[in-house]
Amino acid sequence: STIVMVFEAPKGSRKSFDDGWEEGERKGGWQWSVQKGQKIKYGEAVGWV
Amino acid sequence: LRTSLRNTKVEWKPIPVALGIGFLGAVQFYRVRQREQRRQIEEDEEARSQDEGHGSEEDEKRKPKKRKRIKPSGPWQVQVMSTLPLKGISRLWGRFNELQIPYYLRVPGFKLYSWVFGVNLSEVSESDLHIYPNLAAFFYRTLKPNIRPLDPRSTALLSPADGRVLQMGMIQHGEVEQVKGMTYTLEALLGTEPPSASSDSAPAQGPKKDAQGLKRHALPKEGEEDIITSDEEFAEVNGISYTLPNLLSGPKSQGGTPAMDASTTPKSLSETEVRADLALGDGRKQLWSSPTPTQAATALYYIVVYLAPGDYHRFHSPTSWVAEKRRHFAGELYSVSPYLQRTLPGLFTLNERVVLLGRWRWGFFSFTPVGATNVGSIKINFDRELRTNSLTTDTAADRAAEEAADRGEPNPGFAEATYAGASKLLGGHALRKGEEMGGFQLG
């Protein structure tokens, strides 16, 4: 079985937390935190804004 | 011969169960084939009569069109598969898995299943596997509490279930980016464009009073998304008029500044309503208290998570959002294994699926569990009417087609329902991050 999620989010940028942004800062957009083919568990983040 | 018959002792033996089930399967298969051939002949006759131009245009439109059998294109394996009665097989598989397993065979049976499909039994909530009467119950098992901690970041989107990320990316031009060589149009996958652009539940223009006399704010049209002017009257409850700023912070004080902060919202809203509004309001608060993110460019993203047979098959809400509509596509039940995804273009638009449409803090949000042959039943906890992979499914789809024909519209291909009740003001069913939404069941 499969689950497909389609959602709207602010356009992403290449920056990420490693650049020292505080969580919740409006500077970045959508960021993926998973890769294709990666095994994932319920509760893990697939991405964040 | 007469004496031997008379003298021979008659002994009755049970026919092996598997033979019986095989026989039933064959009978069902034969019957479905007959029905398909009959339907094929009818369709050909219908097509021929259309060519000859019999019957008036109007009659044709009014006569409910029979649901055309979905004929996928693809290599010979797919053609063979498309002749199989997949729904019949799936329902038979479901029946088979609801058979009670003898008590002493349960533990070795489930351990064998876990060994074959890689189930981690240490995470299962019930340590005594005897509790599960059959494989269907074991398949729909729950996990131990707190065994899956949720990602603490408030802006994170969670994985709804255990599985593997098959594909993810941005949606360009309304098309889901190449998924292993296949391109889906968003419209085919979800039904029509996202509700924000054409939500027919929204009044066309201006706030209107609904049955309880509540003013409903018109949902924004394309291009005006989510830009709500801060002092526009949003709703009137119990004689108190609310604007968006004070919906979260209570009625205006004389000076026009919000009299209370969000934590002391007016008592007249029930707790769930407030929760729903906060689930949306959170986002909206950001809409009006700081430069709105939707004024920043937004894009549509998608992710596809594949659940293997051994995975935990309940799914949870990946974020706080409000589900407004549900579109149930009766569809077929091809396997969604990675092999078939590679060989069957448009698989997800063919299979039975339940599209939940709604909104989260950044705008449109949709959640679509897609069924498969072995797990054809999709359960949504808060949707009591939904019946998937059952004869009533087909009738629901046909009924939707007939209603559309009565309205003179093309067949939408799905049965739609709108969720209400979480919030009198906004409608929809509010879901919290991590809340269990439902799951997949065998058959």
Side-chain angles (χ1 to χ4, degrees), chain A, chain B residues 143 148-151 153-168 170-171 176 186 189-190 194 290-291 293-294 296-307 312-316 318 336 348 353 360 362-372 374-375 378 434 440:
Chain A
S1 34
T2 305
I3 296 174
V4 180
M5 289 192 296
V6 177
F7 53 94
E8 185 178 4
K11 253 203 180 112
S13 73
R14 291 294 126 219
K15 286 198 175 181
S16 71
F17 280 87
D18 303 344
D19 298 341
W21 283 349
E22 288 305 317
E23 180 179 347
E25 273 196 46
R26 294 269 122 253
K27 298 266 179 341
W30 173 257
Q31 301 282 336
W32 291 106
S33 62
V34 288
Q35 304 287 329
K36 285 175 197 150
Q38 176 183 335
K39 278 211 59 87
I40 191 167
K41 296 281 182 195
Y42 140 62
E44 291 175 5
V46 297
W48 71 88
V49 177
Chain B
L143 295 180
R148 293 273 190 280
L150 302 184
D151 188 286
R153 286 168 287 191
S154 64
T155 58
L157 188 69
L158 307 181
S159 169
D162 288 5
R164 188 162 5 106
V165 176
L166 274 194
Q167 189 53 271
M168 59 204 233
M170 184 190 285
I171 291 177
V176 176
L186 192 58
L189 183 68
L190 302 181
S290 64
T294 45
T298 61
L300 276 180
Y301 297 89
Y302 76 96
I303 182 167
V304 179
V305 177
Y306 167 72
L307 287 77
Y312 165 62
H313 265 74
R314 293 180 185 235
F315 44 74
H316 298 249
V336 288
F348 289 157
R353 64 195 182 278
W360 70 322
W362 312 108
F364 169 73
F365 190 87
S366 76
F367 185 96
T368 306
V370 180
N374 57 339
V375 264
I378 300 166
F440 294 98

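Here is the naming used below: chain letters follow the sequence lines, and residue numbers restart at 1 for every chain. Predicted model only: the values in this text are computed from it and were never measured. Side chains included, hydrogens not; waters and symmetry mates left out as well; all remaining heavy atoms used.
The parts of B:Pro160 that come within reach of chain A are both its backbone and its side chain, each placing non-hydrogen atoms under 4.5 angstrom from that chain.
Between A:Met5 atom CE and B:Tyr301 atom OH the span is 14.0 Å, to the nearest 0.5 Å. Between the CZ atom of A:Phe7 and the CG atom of B:Leu300 there is a distance of 9.0 Å, given to the nearest 0.5 Å. To the nearest 0.5 angstrom, A:Ile3 atom CD1 is 11.5 Å from B:Leu166 atom CG. In this structure, OG1 in A:Thr2 is found 10.5 Å from CZ in B:Arg164, a value given to the nearest 0.5 Å. Summarising the geometry, atom CD1 belonging to B:Ile303 is positioned 11.0 Å from atom NZ belonging to A:Lys36; distances are rounded to the nearest 0.5 Å.
Judged as a salt bridge (charged side-chain N to carboxylate O under 4.0 Å, His left out), and not counting sequence neighbours, the contacts of B:Arg148 are B:Glu123, B:Asp162. Scanning for ring-ring contact (aromatic ring centres under 6.0 Å, His included) contacts around B:Phe367 gives B:Phe315, with sequence neighbours left out.
A:Gly43 approaches B:Leu158 most closely through the heavy-atom pair O-CD2, 3.4 Å. Taking every heavy atom of both residues into account, A:Gln35 and B:Met168 meet most closely at C-SD, 4.2 Å.
Side chain of B:Thr155 to backbone of A:Val49: a donor-acceptor contact under 3.5 angstrom is found. Listed for the B:Ser366 side chain is a donor-acceptor partner under 3.5 Å among the backbone atoms of A:Val6. Side chain of B:Trp360 to backbone of A:Glu8: a donor-acceptor contact under 3.5 angstrom is found.
When side chains are defined from C-beta on, B:Val305 does not count as touching A:Val46, because their heavy atoms never get closer than 4.5 Å.
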